[in-house]
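Read the structure below first, then the notes.
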There are 2 protein chains.
Amino acid sequence: MTQARGRRREGGRVRRTVGGINQLPWRALENHQAPMDLLDQEALEAIHTASLEILAEVGLDFLHPEALTILKEAGADCEAGSQRVRFDPALVEELVAKAPARFRLHARNPAHNLQIGGSAMVFCSVASAPNVSDLVGGRRPGNYQDFCDLVRLMQALNIVHLFGGYPVEPQDLPPETRHLDALQALGTLSDKVFHAYSLGRTRILDALEMTRILRGIDETQLAREPSLFTVVNSSSPLRLDGPMIEGMLEMGRLGQPVVLTPFTLSGAMAPASLAGALALQNAEALGCIAFAQAANPGAPMVYGGFTSNVDMKSGAPAFGTPEYAKAVLVGGQLARRYGLPYRSSNVNASNCVDGQAAYESMMSLWPVTLAHSNMVMHAAGWLEGGLVASFEKVVLDAEMLQHMAEFLQPLPVNEEELGLEAVRDVGPGGHFFGTAHTLARYEQAFYAPIVSDWRNFETWREAGAEDATQRAHRLYKQLLADFEPPPLDPAIAEELEAFVQRRKREGGAPPL
Amino acid sequence: MTQARGRRREGGRVRRTVGGINQLPWRALENHQAPMDLLDQEALEAIHTASLEILAEVGLDFLHPEALTILKEAGADCEAGSQRVRFDPALVEELVAKAPARFRLHARNPAHNLQIGGSAMVFCSVASAPNVSDLVGGRRPGNYQDFCDLVRLMQALNIVHLFGGYPVEPQDLPPETRHLDALQALGTLSDKVFHAYSLGRTRILDALEMTRILRGIDETQLAREPSLFTVVNSSSPLRLDGPMIEGMLEMGRLGQPVVLTPFTLSGAMAPASLAGALALQNAEALGCIAFAQAANPGAPMVYGGFTSNVDMKSGAPAFGTPEYAKAVLVGGQLARRYGLPYRSSNVNASNCVDGQAAYESMMSLWPVTLAHSNMVMHAAGWLEGGLVASFEKVVLDAEMLQHMAEFLQPLPVNEEELGLEAVRDVGPGGHFFGTAHTLARYEQAFYAPIVSDWRNFETWREAGAEDATQRAHRLYKQLLADFEPPPLDPAIAEELEAFVQRRKREGGAPPL
């Protein structure tokens with residue numbers, strides 16, 4: 001009965017009403033169930049071995065001279081006159097082992113600091129969608145106004161722990177200075193951890209400086225305390241692009257975490273077999289992590305998995321499928337094998353916020369949880385295979401994430417909870433509505449949802465017969481109407497503004 | 001690599017087109033993943049012990065004199081002048097141990113025979129809904145026409161293995177003869193296993209005779225081959241009603257399986273704590289199974305769990321919640337502890353076929369699968385906490401069930417699947433669209449959905465922008481339009497018709 005006696009519910013179930021909505025309090029999620037091993041040891045080792053063979057025999061292309069120099073010095077086999085690098089298996093394992101098993105991410109609000117790795121699980125906002133949509137406004141290209149509204153929404157929802165990137169691409173801002181405006185909005189409208197894109201050296205250096213200003217610390221402290229993260233996607237198959245390499249190097253130099261995620265879509269950028277796609281995913285992840293560790297030994301890294309498959313008839317990417325579920329679980333097994341934190345995602349390929357969007361998301365979230373994912377990207381708001389950030393999906397996802405968070409809470413089994421006295425008092429044929437045992441639990445006994453409607457049909461119909469998506473629309477509008485930005489020291493806001501203005505005057509960052 | 005080398009995909013992934021829809025072939029589902037143990041051994045034993053204390057100290061009411069006689073003879077403590085029966089813990093364990101760990105259910109079409117227990121998992125139709133609904137016709141009281149259409153739909157969908165009861169209550173048929181018409185429709189429009197309600201002795205005897213006729217066997221063979229099942233709900237808390245007792249006794253006498261399912265809604269008919277509700281569920285299940293085994297030792301039984309909770313503010317029942325997920329998992333642990341097959345359900349409380357209906361269903365189906373449920377009741381078509389059988393939900397559920405069925409298929413890891421040759425051929429920066437490895441897998445590589453739409457947004461919008469529920473509507477209409485009843489020997493059809501007519505002339509069964 002260790003579950004019951006030892007542990008108290010972290011953060012309890014006390015609800016905080018924000019914007020008229022009932023939601024769980026902010027809390028650090030801990031996953032204490034045993035992870036699910038989909039593959040036996042032998043099959044897992046076969047994938048591991050195949051990926052080392054890929055790295056040794058085929059190799060990876062690193063599209064930046066600095067990377068080639070670093071890898072050559074580390075002892076990798078750099079083909080003369082090309083960008084191809086082959087790795088000895090022992091070298092890969094030696095370098096990958098330098099990355100820490102867990103680290104802490106510091107927010108400007110220390111209450112929003114996060115543990116990454118171990119039994120911790122954090123949920124990130126949707127990221128990098130080119131379009132945005134809501135029921136009333138329809139589908140439209142990403143813009144700064146919607147960007148800011150999505151940031152407000154993620155700040156207001158306790159179940160969203162950090163930003164996985166720009167919730168939507170503010171396409172109406174000029175590319176040279178977009179990162180300055182976007183990061184300023186993230187840093188002022190929210191006090192949660194955010195992300196910077198590895199689009200060359202300058203943007204990453206700007207992001208690091210803005211993070212430093214927002215936290216009110218010096219560079220030494222920043223280097224000691226990871227406070228900003230970046231996601232680096234290898235260009236599957238087997239290539240790492242120059243701007244990504246620059247970003248990784250700058251982040252690593254200052255001890256900031258890199259989430260390395262190959263996008264190995266089985267049947268397109270990866271073999272049309274799950275085992276093959278996973279072997280390729282693992283080869284790319286290990287090769288790139290080995291490179292980052294060669295450059296900055298001990299820099300925090302996350303093993304990212306994003307293997308799904310295409311519809312073989314149309315070539316359309318599929319997400320939240322049985323194949324995706326399996327790939328997520330095997331990715332978790334591989335990350336555990338290397339002692340690295342694991343990143344996966346909450347995905348779906350639906351074109352609207354319907355039953356498909358919900359079941360494909362759940363077909364992701366369960367394996368994501370069972371795999372002991374530490375960082376869940378795109379946890380709130382992803383639609384259309386990532387082409388859209390949906391306001392209503394944010395609310396629906398928040399509900400699903402809360403379901404998983406509550407599922408992770410231990411089930412207490414002790415004398416009080418077993419309630420034998422109540423059963424004795426009520427006896428056969430009675431009911432428990434008015435018993436002392438029930439009254440004592442009235443407020444906190446069970447999960448209270450955000451968007452689920454449990455009223456009977458007649459009441460629901462009379463109230464307007466709104467479906468979950470329509471209710472989500474109303475709830476997100478309410479959250480925005482009631483939004484108040486988190487407190488920020490005016491001196492810091494001023495320093496940040498001055499930095500942004502100066503960098504804009506300097507022309508921002510060069511186009512890629 | 002046992003997963004890969006030893007086993008071939010059962011039934012493969014060859015698709016059969018029925019009614020223009022692409023679906024998985026009929027196949028027996030095997031769950032070879034380790035079950036998920038939510039509670040540690042100590043906590044599980046605490047629930048077990050508490051339930052035995054309830055049976056010993058509080059007892060169960062058996063509302064039938066025959067039950068009291070049987071239990072007294074078996075050595076239970078029957079309170080004089082009352083219906084209260086208390087059980088010594090050793091007696092409970094001794095009786096429960098007599099039930100078999102698994103058994104086979106025989107359909108009139110032997111291709112649809114089912115294994116119940118062990119690693120097998122079967123999906124039942126929605127059952128016992130008083131109302132029916134579809135997008136066009138709206139919500140209406142259950143009737144014979146919709147009943148027959150739902151039977152056709154379940155017969156057409158390979159992923160539905162059997163009927164868990166009447167998919168909807170045909171309320172327009174007179175109660176005395178309703179079971180005759182309903183079972184005749186089940187037995188002629190479908191060749192899958194069906195269920196009979198334990199509403200007194202006569203109805204069960206009629207159902208047994210109709211099953212015997214449909215299988216074309218004699219009573220001895222029927223007694224040897226379970227071919228009909230019944231679900232018995234105890235009246236929580238702690239009571240078993242007379243008509244249920246009569247049904248159980250007749251079924252057990254002929255060796256037909258009883259699924260014993262307490263409906264322990266935490267906060268209403270059970271304590272407002274999950275541990276308490278589960279202890280009560282277990283007490284009722286064990287007490288009733290002990291009774292059935294005292295009456296007919298070795299008769300096939302299934303341990304049913306249906307613990308969920310009410311919304312403490314409104315009293316409305318909630319389904320597909322985090323609490324439900326936990327209860328399903330613990331129920332599985334308890335069933336395994338007693339070596340019994342386990343029944344759980346695919347549930348939700350939504351008032352329409354929306355995102356909530358989908359995520360609550362998935363919040364059921366994942367724990368249902370992880371708990372190694374052997375029988376999944378209400379797997380296809382349940383809506384509104386069971387008050388409605390929805391035509392569109394049948395199709396959406398079939399999709400979700402196929403997702404779980406595909407998830408259960410082993411992930412092969414071998415040289416061919418790892419595809420190193422393909423990776424070598426393609427190399428960095430290439431793509432896998434046209435490779436021999438991909439072309440060899442073109443047809444069968446990945447799961448193909450029924451209702452999920454993976455087309456890009458523009459194509460989807462131009463084609464009418466149907467959401468999943470609208471697509472499900474179209475698909476169910478198509479399935480009905482193309483429906484052909486399964487073959488039936490005209491002599492058997494005639495014998496069945498004669499029996500039904502005779503029993504109608506006799507007045508059917510007395511009202512309850």
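A, B, ... follow the sequence lines: proteins, then strands. Residue 1 opens every chain.
- Closest non-hydrogen pair, G430(B) versus P237(A), comes out as O-CD, 3.0 Å.
- Contact of E399(A) with chain B is made through the side chain alone, with heavy-atom distances under 4.5 Å.
- Highest contact tally toward chain A, considering only A316(B), G59(B), A268(B), is held by A268(B) [criterion: heavy-atom pairs under 4.5 Å].
- In this structure, F432(A) has its ring center at least 6.0 angstrom away from the ring center of H437(A).
- Using a 4.5 Å cut-off between heavy atoms, V353(B) does not touch chain A at all.
- Using a 4.5 Å cut-off between heavy atoms, T435(B) makes no contact with chain A at all.
- Looking at T469(B), neither its backbone nor its side chain comes within 4.5 Å of chain A, counting heavy atoms on both sides.
- Per-residue counts of heavy-atom pairs under 4.5 Å with chain B were compared for S314(A), S235(A), P317(A), G427(A); the largest is that of G427(A).
- Proximity to chain B is absent for every atom of V388(A), based on heavy atoms less than 4.5 angstrom apart.
- With a 4.5 angstrom heavy-atom cutoff, L265(A) does not touch chain B via any of its atoms.
- Counting heavy-atom pairs closer than 4.5 Å to chain B, the top residue among A465(A), G315(A), S236(A), A318(A) is A318(A).
- A heavy-atom distance below 4.5 Å is found between the side chains of L411(A) and L38(B).
- Between W454(A) and E360(B) there is a side-chain heavy-atom pair separated by less than 4.5 Å.
- Between G320(B) and S364(B), the closest heavy-atom pair is CA-OG, 3.7 Å.
- When A440(B), P322(B), P428(B) are compared by the number of non-hydrogen pairs under 4.5 Å with chain A, P428(B) comes out ahead.
- Taking chain B as the reference chain and counting heavy-atom pairs below 4.5 Å, the highest number among L439(A), I54(A), D354(A) is found for D354(A).
- In terms of heavy-atom pairs under 4.5 angstrom with chain A, the leader among A422(B), A50(B), A283(B) is A50(B).
- Only the side chain of L370(A) comes within less than 4.5 Å of a heavy atom of chain B; its backbone N, CA, C and O stay farther away.
- Taking S51(A) as the reference, N282(A) meet the side-chain hydrogen bond (donor to acceptor under 3.5 Å, both in side chains) condition, with sequence neighbours excluded.
- Residue with the most contacts toward chain A among G419(B), A279(B), C352(B): C352(B) (heavy-atom pairs, distance under 4.5 Å).
- Residues V395(B) and I450(B) meet the side-chain proximity criterion, which asks for heavy atoms closer than 4.5 Å.
- Side chains of Q402(A) and Y447(A): a donor-acceptor N/O pair is present below 3.5 angstrom, by distance only.
- Contacts of E421(A) with chain B are absent, with no heavy-atom separation under 4.5 Å from either backbone or side chain.
- Of the listed residues (M404(B), E45(B), R84(B)), the one with the most heavy-atom contacts under 4.5 Å to chain A is R84(B).
- Looking only at heavy-atom pairs under 4.5 Å with chain B, the residue among M36(A), R441(A), M363(A) that has the most is M363(A).
- Using a 4.5 Å cut-off between heavy atoms, E392(B) does not touch chain A at all.
- When side chains are defined from C-beta on, L274(A) does not count as touching N309(A), because their heavy atoms never get closer than 4.5 Å.
- Using a 4.5 Å cut-off between heavy atoms, L387(B) makes no contact with chain A at all.
- Ion pairing of E384(A) with R139(A) is present here, as a side-chain N (NZ or NE/NH1/NH2) and a carboxylate O approach within less than 4.0 Å.
- With chain B as the partner, the residue from A358(A), A357(A), S273(A) showing the most heavy-atom pairs under 4.5 Å is S273(A).
- Considering only heavy atoms from C-beta on, E284(A) comes within 4.5 Å of L238(A) through its side chain.
- Contacts between M400(A) and chain B at a heavy-atom distance below 4.5 Å involve the side chain alone, from C-beta outward.
- Using a 4.5 Å cut-off between heavy atoms, S452(A) touches chain B through backbone and side chain atoms alike.
- Atom CD of E53(A) has more than 12 heavy atoms from other residues, nucleotides or ligands within 6.0 Å.
- In terms of non-hydrogen atom pairs under 4.5 Å with chain A, the most contact-rich of F319(B), Y442(B), F457(B) is F457(B).
- When heavy atoms are compared at a cutoff of 4.5 Å, S361(A) does not approach chain B at all.
- For N131(B), no part lies near chain A; criterion is any non-hydrogen pair under 4.5 Å.
- V413(A) and A46(B) make their closest contact through CG1-CB, 3.8 Å (heavy atoms, listed as atom of the first residue, atom of the second, distance).
- With a 4.5 angstrom heavy-atom cutoff, T321(B) touches chain A via backbone and side-chain atoms both.
- Between L280(A) and P271(A), some side-chain heavy-atom pair lies under the 4.5 Å cut-off.
- In this structure, the portions of D453(B) lying under 4.5 Å from any heavy atom of chain A include both its backbone and its side chain.
- Contact of E57(A) with chain B is made through the side chain alone, with heavy-atom distances under 4.5 Å.
- The side-chain hydrogen bond (donor to acceptor under 3.5 Å, both in side chains) search around W366(A) returns none, not counting sequence neighbours.
- With a threshold of 4.5 angstrom between heavy atoms, L420(B) approaches chain A through side-chain atoms but not through N, CA, C or O.
- In this structure the side chain of R239(A) never reaches within 4.5 angstrom of the side chain of F62(A), judged on heavy atoms.
- Here the shortest heavy-atom pairing between W460(B) and E466(B) reads NE1-O, 2.9 Å.
- There is no contact between N348(A) and chain B, counting heavy-atom distances below 4.5 Å.
- Heavy-atom distances place the backbone of N456(A), and not its side chain, under 4.5 Å from chain B.
- A donor-acceptor contact shorter than 3.5 Å links the side chain of T369(A) to the backbone of L365(A).
- Here the side chains of V310(A) and M312(A) are in contact, with some heavy-atom distance below 4.5 Å.
- Heavy-atom pairs under 4.5 Å with chain B were tallied for A468(A), A349(A), A270(A); the largest tally goes to A270(A).
- Of the atoms belonging to R461(A), not a single heavy atom falls under 4.5 Å from chain B.
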